[in-house]
Structures are given as C-alpha cells and as structure tokens.
Amino acid sequence: MQSTAFRFVSVIVTLLLAAALAALVALTLRSQPAITIEPLPTSTPTTTPTPTATPFETLGADLISLEGGYRFQPLLGYEVTMQGAAATLSRRLNDAPAGETSNDVNASTIALDVFPLASIGLRREQPLEDAIMQIAQPFVSRTAAELGAIEPIRIGAAEGVALSLRNVVEGVPLAGRIAVTRRDEDTLFVVAATAPTDIWTTETDAAMQNILQSITFFEPIVASSAPTPIIRPVTTSTATQTPDALPIVTVVSAQTPSGVSTAADAESGAGLLRLTPTPDVASSATPTAPLTTLLAPTPTPTSRALRQSWTIVSDANRVNDLVVAGNTIWIATDGGALAWTRGGASPVKFTSINGLTANRLTAVVDCELPSLGMLFGSEDGLQIVNLLAGGWRQLNSRNSELRYDDISALACDVEAGYLVVGYARHGIDVFNARTNTWRHLDRNSGLASNTVLDLAVVGALTEIWVVSDDGITVSAGPDSTFYTVANSPLESNRIGAIAADPGGGVWVGGDGVLYRVDGEQWTVFSAEEVGDDGFPPRLITGLAPTGAGDLWLGDIDGTICRFDPATASCLEAFRRENGASAAPLTRLALDNDDQLYAATAGDGFSVYDGATWRRFFKTNEGVAGNAISAATVDADDALWVVTDAGVQRIVAPTRPPELLPASGVDPAAIQALYAARNGNLWIGGDGAAVWDGATWTQFTPEDGLAGGKVRAIAEDSRGRIWLGADAGVSIWNGAAFVNLTRETGLPSADIRALLADGSAMWIGSAGGGLYRFALNQLEVFTVENIGLPSDTVTALALDNDGLLYIGTDAGLAELHNGVVTPIPAVGERVISQILATNGSIWVGTTDDGLFFDVGEGWQHETTAGALPDNRITALAAVDGEIWVGGATGGLIRYSAPTKE
C-alpha cells in the first residue's frame, strides 16, 4: 500500500483541509490505533429503501479505479481527482466567480476510498456497524461533532450502513455523512461527504446518494501485476441510437487494462477511455469485418508499475488547441488533456499518470477515420482517444506508419478522407483514406522548410498549406509553391495562424495584417488600411472562418474581431472583454452552434455565445507554467521552482502557487535557482538576480559577473554565494564579486555545476574536468589523471557518507577516497541533475528520463511509465518526497510506498 502521507495528505486532506469532517475521517482511517468502541444506538434495520436521489446531470462517464476495484458515475460540475484507490469529487460554490476558488469551508466534497480491514483494526466477523463507528469515533473525540443514528443503506448492489455528522468549523455549520460496505470479505469501501449545512440539504446529500447508487465493484487490478496491454483491431457493429443518447466514457485511474468491470475484461484493450452504449443504443451481436486500414499499431509493452507512487502537478490552463465534439470540449494543453463538458464548471484531466506518454499536447482534431478518433499531437507522436473503440493509446514512429514523433499541427476531414500530420522539425505526413496511401513531404520532396508551425487543407487534399518560420509552402500533387516576402504580398514571414474557408479560399494571419488567397489572387487587409479600431493590431494567432463568408480573427493580445471582407470592417469587436480569458491568445475555434472559443496560454479558454463571454479556468493547478528549468528548497522546507511563467513557491499539488514579481531576468533563460541560508533567493540565467523578500536586485557582467550566462549557484560555509557562469566563477561576498577565470588558473572557465563541501567547493566545468577549490588552492581532476567518464562535468551531489556523485556528458561516476568508479546502470547518457537524500540517489538525464536507487537497486523511469518528459531539468526533496521537473509537462512527485 502507499504511504499515509501520499494517500491522504495529497489526495484527500489537501482537498478537504478546511472541510474538517471528511478530512479527519480520511486521516483517522490510516492514523488511528485499533480501539474498542461501544456503538451508539442504531436504528432498527428495516427494509425501508434508500430515498431516490434527486436527478443529477452526470458527466456521461464512468470513472474507474482499477486499484480500488470500483466504478462510479461522476456528476457534472464536480472536479474529480483520482490517485490509486482514492477518488475525490469537489465543487466550488455557484456564486464564486468562474476560475476562482471559493472558501474551502464552503466546498461540497465527496471522497471515496478502499481499506483492508486489518489496517483499521477490524476482523472479518465484525459487523459494518463496528466498522463505521471505528471510523467515526476518533473524529468525534477530536471535535464537537454530533453523530446521528446508524442507518442501513445500499451502495450499488451491496448492503451497507451510513452515519450522519454535524459540526461547526470557522463559524460555518457543516453537515456530512459516512457510508461503508464491504467490497470483499477483507476490504472496506468508504464514502465520506461534507458541505455547509444549507448546501448539504439542497445539493450534496442528493449528490452523495447518486454516487452511492452508481457504485459497482469488481476484482481490483494492481498495476505491477496487470497483464501487458493488448491493442486489438477495431470492430464495428450495427447500432441504432436515439438522438438524445450520449455515450458513456469510462475513465480509468490507473494504466494497463482499459475501463473494465472484471479482471477478465482487462485483456480486451489498453486504453483509458472506453465508450460503451447507453441503454438507448441497440447493438447487433454480429460484428462486421475489422477495420485495420489506418495506423494499426504493433503492441508496444509499456511498464507503469510504479505509477501509484507518482503524482503529477501541471498547469492545464496553458491551452494550445481545442475542438468541440458533441457535448464535450477536448483541450490540448501544455499540462495534459482536458475533457470539459459544455457548460460544466470543471473538466476531467488526463496526464502521464492516466495514460499519456507526454503531457505537452500541441494540437487536437476529431478524426473518426478507421482506427482513429480524437487525436492529440505531442512530442511522442499521437495520443489517441478513440471514440468508437475506446482507449488512450499512442501511435508514433516506433509502432505505426508515422514517420516522426514531434507533432506540431494536425488537420483532418473525415468526409474528404484525409489526415495531415505536421512535425515541428520534419515536414508533414499525409494519409489519404480514399486511396489508402501515405506520403511524406519535407525539404527533399516538395517543402521549402522542415519546420511546421501550422496547417490548412483546401478541398480533398487539393492543396496543403504549410506554415514555417520562413514562409508558406503550398503543396498540390507533385508541384509546390513557396511564398515569402520576396515573391508575395506577405509583409513579414512571421505567420501566426492559417485557415481554409468553405469556399476554398485561404486566410493567413500576420503581424496586424490579414491575407486572403483565392488561387493566385491575394487580398490584403491591414490594421492601418481597414481603419477599424476593433481590427487586431498585433500578430494574428487565431482564425475561424464562418459559413456566412466572414471570419473571426484574434491577435496575441486577445483583440478579437468578426471580420466582414466585403465591407473590410469588424461586425463585432472585443478587447479585454469582461468575462473573457486574458492571457495571450493561442487559437480560435467554432462549434456547430457557431459559438466562438478562444484559447489562451495561461488563462484557460473563454466562450462567446453571441451575447456574452464566459471564462473557463482549471482551478487549483499546483504550478503556473509547465516548462520547469530549476528547483530549490528553502530553510522552511518549501519548494521553489522556475517555469516559463516565472519564479514561484509550490504550496501543494492542488493549491495555486505563489508567484514572485518579474525579476528582470527572462524566465525562459533561467537555469539555476538557489535558496540561501539568510532567506534570499538567487536565480541565474542571462545574468543573475537576488530576491530579498521584497525586491529583486539584478547583476550582469557590468556589475562584475564573470560571464553573462549563469548556470549554477551554491553557498559556501562562510555564507558567500558562488555563481558558475560561461566565463568563470563569481563569488559574492555581500558587497562585490571576486572572480575565478582562465586568467586566474581555471583550465576551462565554462562552469556547469557547483557543490559546497564544508570549507571546499566542487566545480564542474565543460571540457576542463572537475575542480576542488579550498584554501585558495585549486585541484583538477580529469579523465587522464583520475578516470572521469568525461571532462565535461554537468551535475554533482554528495551523500551523507561523503560519497561524491559526478554527472558528466558521458555517464555517472562516484568518487570515494580518491577513486572514481563508473556506475554502469546509467550508461553513457548525458546527466543533467543529481540528488542524494535519505540513502537514495536520483539521477536525471537530458533525454532518457530518470534513474534512481531507493535501496532496491537501480530503476529507470521514462515517459513510457509515469514521467511527463524524458528531459529532466530539476530535482528536489521535500519531506521525504522527490520532486522531478521536466523541460515540458510540469512536475511529478514521488512518494515511496510503505511495506506492509
């Protein structure tokens, strides 16, 4: 089983901290010793049925906990968090502004979990009344809560008991309920809910009843022992569906088998989402021939045995693309995928814990070609939600006909029968479903550039327009045309968006300029010439043509216009509109009702229904930004990280971080972060800066820094700050810098790593080996004189026994008593980070994930398992837990399972 801290502090206590009823119940289940309790008087068991729950609109999805062995139907408006066997549903107050978190005491929360009877001091023969009192009594002893009578209920098809509780927290009257049953003879299933009394009466009580009625149990599946996933060909069946019937999506909280109700069913698929017909769907028992024409993958075993030990912390408000399919908005973000029911208050979130092999998703299209479905582009190929067959699965260059993996853009038209895949660095792949053929285009076969930023397709592959850094390629059969500023009306090669309209024309968005191309005819609309104040003046990053001949366009600053080309004017225009998302605009899209969707890089998305704007924001994301570049832990054991959003303190996985003001150093260039013993926070990148708790102070070479690029920071025993730069080491004594450079004796002044060791400082260089500086003396260790794997030292760490770990661009070694010993388990990979803590060693690489030894031998974790990115950029230890940062995808936290 997982550790107490991991299961309850992370999953339940964080969400129910102020709502003390469920929080203390959850803590009690793990932390209380076995005690004997005299039960309160119970009501006489009768056959009185459980009252019928007030009808709730559901998400249309069965959520499944494979580890817990249960499934249930979530409710629209409740945000769901699943980890291991635990699930928590939480809902903010209806009167809280969209995107803002309401007071935690005023939250409606329902928590589900599973426990071995022995873990709470119970025996098989004891009745459920003993079990529920064992859970409730410690809570009563800690608070002034009042208990009601024990009542018989049904949890799904199982008999159970329930107990009501009431209390006052922070002046707010709270009500709650605990319900228990046996999942099997050795396991207890518990549901605990709480809310302010008025909300409990009007909503939460009925919501809990709906959850209880939807529960079904099956044999749990533990990830480490589950069978290897099998991806089978898609089969179709004749079906008749009523117009209002919606599919049921099964969302699995652990990897390996797809959404299943029995262990035997686990072999039927490898996905995380299974679409099953509703009762309104009649299906023929005789399937037609399998459809395996397109991208039928070769099964690739992937191990996620350790997934129950990991927690993802990412920012899903950095939206790159979205598409509306039926009643669901599918959203590709830098922090995972979101499935957001239209009009709902919160989404279902999917990350590398839930089956993705990459958290950064660049594009999404609804592509119901055979064997496909909802397609997300990533750095690891396609991440697919198949709406016919069900399942998250990955298609990439290793298991399909995709030529490369670095997908940057997607275009699909089911009626026209094509899929076009754009790669960030490798051109495009084109699938023609009508001819069942693939072709690849790059600089050697028709494209002017291998860089693909965006795509647009005219007709049934009549023309493919490909946007790159230096212009536009139009591919039509074997012939191609290349447009740049030199041979077209383009005022700049900087293109922010492209789209084809229903009439066959192509719209191109530039810097405050809109172009329409019909054949060889170009029409130019610039902000100056249009003369409409609503016309976007900056880089146009969103285009959405309508069926009426006009189109929506928006620029990076969020200025949005519905443009009429006939009058060259904005029919509607918005700038920083009330209710709309405020961050940089990344994409515009229309649904079948002509509602406009505006995606942003950091503020979620917003919807314009023709009258008003409404913002949708994933609340309580634990980090802002997903590109982690550095991490440190301060004297108060608080975690600090740097992302593309800035320097921030991580509060909790489900609490918004505390962002510091801008430092003046470009966040994207920061490579080092260090919390000094005096409380100051140092950053290094393009120069350096220090935060004293109130203001930033910047340092550049003009202020005495040895170089302009600072990659490492450390503190010596005298409290001096050492900064490793590209031209030497700068030592800050509180008033000025003292520099060590090539002129003062460094063999190489390109510094990559620093590590304090008592009165000495270890210094890792690029090309000069490893230095030890003590008492104004410099010792140099190299491949030649001591046997280092390489003279480029990239990371350093010291364990409690004085063993020095040395990371290089050719592998890992340890230095002890003057002897260097390579560590073969890591191989000759480029090491980016090393962390030695509590007897464990953690090693990050630049492109092959994480190696670690927690006392049981070396293990290797990659995106084939739980990691969001194989490029490790940060490692930190907080309260015995390991935080890992990647170049994309956010943070992932490891909590070691306890042995029982």
Side-chain angles (χ1 to χ4, degrees), residues 315 317-318 334 538-539 556-558 582-584 600-603 623-636 638-651 656-715 719-739 741 749-754 873-874 876 885 887-888 890-891:
D315 181 2
N317 291 307
R318 292 185 169 263
D334 279 352
R538 298 287 307 283
L539 179 67
I556 194 169
D557 284 344
T600 70
D603 201 31
V623 65
N626 295 286
I628 311 297
S629 58
T632 190
V633 180
D634 65 20
D636 296 325
L639 176 67
W640 292 83
V641 301
V642 179
T643 74
D644 44 342
V647 182
Q648 56 199 279
R649 177 178 175 267
I650 304 300
V651 179
E658 297 174 357
L659 274 164
L660 293 186
S663 65
V665 178
D666 180 8
I670 296 175
Q671 299 183 53
L673 178 66
Y674 180 76
R677 293 193 296 270
N678 65 359
N680 288 348
L681 192 68
W682 288 80
I683 58 173
D686 290 338
V690 58
W691 171 259
D692 62 6
T695 59
W696 286 100
T697 302
Q698 283 188 259
F699 301 101
T700 67
E702 287 72 25
D703 301 304
L705 272 180
K709 300 287 185 183
V710 176
R711 297 189 179 96
I713 306 175
E715 183 177 10
R720 298 180 302 178
I721 302 299
W722 294 54
L723 300 100
D726 55 351
V729 178
S730 294
I731 306 169
W732 175 252
N733 60 17
F737 289 109
V738 176
N739 293 331
T741 64
D750 190 352
I751 307 305
R752 302 300 176 88
L754 293 169
T873 55
T888 63
L891 293 159

Between Trp722 and Leu754, the two heavy atoms sitting closest are O-CD1, 3.5 Å
### side chain to side chain contact (heavy atoms under 4.5 Å, CB included) evaluation trace for Asp334 with Thr888
CA-CA 7 Å; Asp334 279 352; Thr888 63; over 6 Å; no
query = Would Trp696 and Ile683 satisfy side chain to side chain contact (heavy atoms under 4.5 Å, CB included), going step by step from the backbone distance to the final call?
reply = CA-CA 10 Å; Trp696 286 100; Ile683 58 173; 3.9 Å; yes
Item checked: Candidate pair Asp634 and Trp640, rule side-chain hydrogen bond (donor to acceptor under 3.5 Å, both in side chains), full reasoning -> CA-CA 8 Å; Asp634 65 20; Trp640 292 83; 2.9 Å; yes
Next on the checklist: When you compare the side chains of Thr643 and Gln648, does any donor N or O come within less than 3.5 Å of an acceptor on the partner?
Outcome noted: yes
query: Does the gap between the ring centers of Phe737 and Trp732 come in under 6.0 Å?
result: yes
Shortest non-hydrogen pair, Leu891 vs Gly885, comes out as CD2-CA, 3.8 Å
Ignoring hydrogens and angles, tell me if any N or O in the side chain of Asp703 forms a donor-acceptor pair with the backbone of Thr700 under 3.5 Å. yes
dist Thr697:OG1 -> Trp691:CH2 (nearest 0.5 Å) comes out at 10.0 Å
>> Between Arg318 and Asp644, does any NZ, NE, NH1 or NH2 come within less than 4.0 Å of an OD or OE carboxylate oxygen?
In response: yes
Look at atom CZ of Arg538 and say whether more than 12 heavy atoms of other residues, nucleotides or ligands are closer to it than 6.0 Å. no
- Flag side-chain contact, heavy atom, 4.5 Å: Leu723 against Phe699: no
When every non-hydrogen atom of Ala624 is compared with those of Pro657, the smallest separation belongs to N-CG, 3.5 Å
Problem set entry | Heavy-atom side-chain contact between Leu673 and Ile713 under 4.5 Å | no
- Message: Does Ile670 form a side chain to side chain contact (heavy atoms under 4.5 Å, CB included) with Val665? I'd like the steps, not just the answer.
- Response: CA-CA 7 Å; Ile670 296 175; Val665 178; 3.8 Å; yes
Separation between CD1 (Ile721) and CG (Asn680), nearest 0.5 Å, reads 7.5 Å
Looking only at heavy atoms, the pair that brings Leu659 and Gly646 closest together is CD2-C, 4.2 Å
Heavy-atom closest pair (Ala712 atom, Arg752 atom, distance to 0.1 Å) is CB-O, 3.9 Å
Determine yes or no for a side-chain-to-main-chain donor-acceptor pair under 3.5 angstrom, with Asn317 supplying the side chain and Gly602 the backbone. no
Exercise. Is there a donor-acceptor pair closer than 3.5 Å between any side-chain N or O of Ser629 and the backbone N or O of Gln671?
Worked result: no
ask   = With distance as the sole criterion, is a donor-acceptor pair present between the side chains of Ser730 and Asn739 under 3.5 Å?
value = yes
*asked:* Quick test of your reading of the model: are Asp686 and Lys709 salt-bridged, counting only N-O distances below 4.0 Å?
replied: yes
Minimal heavy-atom distance between Asp726 and Gly708, with the atoms involved, is OD1-N, 3.2 Å
Would you call Thr632 and Leu681 a side-chain contact if the rule is heavy atoms closer than 4.5 Å? yes
- So, are Arg677 and Glu715 salt-bridged, with charged N and O less than 4.0 Å apart? yes
Can you tell me if Trp682 uses its side chain to pair, donor with acceptor, with the backbone of Ala675 under 3.5 Å? no
